[in-house]
Amino acid sequence: MPSIVKEVGETFVTLVKGFSVTLRTMFQKTTTENFPVVPPSVQPRYRGIHVLQRDENGLEKCVGCFLCAAACPANCIYIEAAENTDAKRISAGERYASVYNIDYSRCIFCGYCVEACPTDAITHGHSLDLAPYDINALIYRKEQLLEPWPPRKPAVKS
Ligand code: SF4
Ligand code: SF4
């Protein structure tokens, strides 16, 4: 009999403890973010989907040197380089990346590629929307990574 009383007592204490947490948090301000309707706020150093940068003239900063691919521990960067010509200049260097793919099913967002790049051509952006139904959609092509030109105007806050 005393053990039943003890069990009932312990159950009661446990319930009070549990519901006290529920009641305490019920009236606090919610921290849920309305993603994807509202873009989430991230820290400035957040490592999101990469951005291939352009210089002030709109030329691609990537010179197709492959250093980022060599530094990548996940082996997820695929590059094909091509020569610039006077008639067709894509980057300021001798070569440019005609193909630049990153496989985000393998990328671990370590940032080694960014550190390895001699021209600051590749940086981390703040986008984190990587949840497709088809895994092949996680292979991002150069066209998806490249900074738009002319640059997008920053959103005006009202
Ligand atoms: S962040 Fe790391 S894993 Fe991802 S592409 Fe760059 S080097 Fe590779
Ligand atoms: S992104 Fe940078 S490191 Fe990678 S190929 Fe282009 S210039 Fe070289």
Side-chain angles (χ1 to χ4, degrees), residues 17-18 21-158:
K17 271 190 195 168
V21 174
T22 308
L23 285 169
R24 237 183 300 138
T25 51
M26 250 173 81
F27 302 105
Q28 285 176 1
K29 190 171 175 284
T30 175
T31 54
T32 305
E33 299 209 25
N34 195 13
F35 179 80
V37 179
V38 179
S41 54
V42 294
Q43 296 300 313
R45 289 169 56 195
Y46 179 80
R47 295 178 188 161
I49 297 172
H50 299 80
V51 178
L52 287 175
Q53 301 288 344
R54 295 177 184 272
D55 66 16
E56 61 283 2
N57 300 315
L59 293 173
E60 296 173 15
K61 282 190 173 181
C62 177
V63 293
C65 69
F66 293 87
L67 286 178
C68 52
C72 177
N75 203 17
C76 63
I77 301 179
Y78 177 79
I79 302 168
E80 287 177 16
E83 299 284 330
N84 282 303
T85 61
D86 289 337
K88 187 183 176 196
R89 176 154 292 280
I90 305 294
S91 78
E94 279 181 27
R95 298 195 299 174
Y96 69 98
S98 55
V99 176
Y100 195 108
N101 298 345
I102 297 182
D103 184 350
Y104 283 105
S105 69
R106 304 177 63 141
C107 176
I108 54 173
F109 295 90
C110 63
Y112 285 3
C113 51
V114 175
E115 284 179 33
C117 181
T119 61
D120 293 331
I122 185 164
T123 59
H124 281 287
H126 285 171
S127 176
L128 44 74
D129 194 1
L130 281 171
Y133 287 104
D134 178 5
I135 196 167
N136 294 316
L138 286 174
I139 299 174
Y140 272 49
R141 319 266 168 205
K142 176 178 153 182
E143 294 70 26
Q144 294 164 280
L145 300 167
L146 198 58
E147 196 185 20
W149 190 264
R152 284 194 204 103
K153 286 185 186 150
V156 179
K157 286 185 185 164
S158 54

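We count ligands from 1, going down the list as the structure has it; atoms in each ligand are counted the same way.
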- Residue portion contacting ligand 2 (non-hydrogen atoms closer than 4.0 Å) for Ile77: neither
- Message: Counting non-hydrogen protein atoms only, what is the nearest one to atom 2 (Fe) of ligand 2? Give residue, atom name and distance.
- Response: Cys117 SG, 2.3 Å
- Message: With a cut-off of 2.8 Å, does Cys68 put an N/O/S atom close enough to atom 2 (Fe) of ligand 2?
- Response: no
- What protein heavy atom sits nearest atom 6 (Fe) of ligand 2, and how far away is it? Cys62 SG, 2.3 Å
- Task: Determine whether Tyr104 and Ile49 make a side-chain contact, defined as any pair of heavy atoms from C-beta on separated by less than 4.5 Å.
- Result: yes
- Here the atoms of ligand 1 under 4.0 Å from any heavy atom belonging to Pro73 are 7 (S)
- Message: Regarding Cys107, does it place an N, O or S atom less than 2.8 Å from atom 2 (Fe) of ligand 1?
- Response: no
- How are the rings of His126 and Tyr46 set to each other: parallel, tilted or perpendicular (split at 30° and 60°)? perpendicular
- Query: Any non-hydrogen atom of His50 lying under 4.0 Å from ligand 1?
  - Reply: yes
- Message: Please list the nearest protein heavy atom to atom 8 (Fe) of ligand 2 with its residue and the distance rounded to 0.1 Å.
- Response: Cys65 SG, 2.2 Å
- Heavy-atom contacts under 4.0 Å between Val63 and ligand 2: side chain, backbone, both, or neither? both
- Note: ligand 2 atoms sitting under 4.0 Å from heavy atoms of Thr119 are 7 (S)
- Message: Taking 4.0 angstrom as the limit and counting only heavy atoms of Ile79, give me the atoms of ligand 2 inside it, by number and element.
- Response: 5 (S)
- Message: Looking at ligand 1, is there an atom of it that comes within less than 4.0 Å of some heavy atom belonging to Ala116?
- Response: no
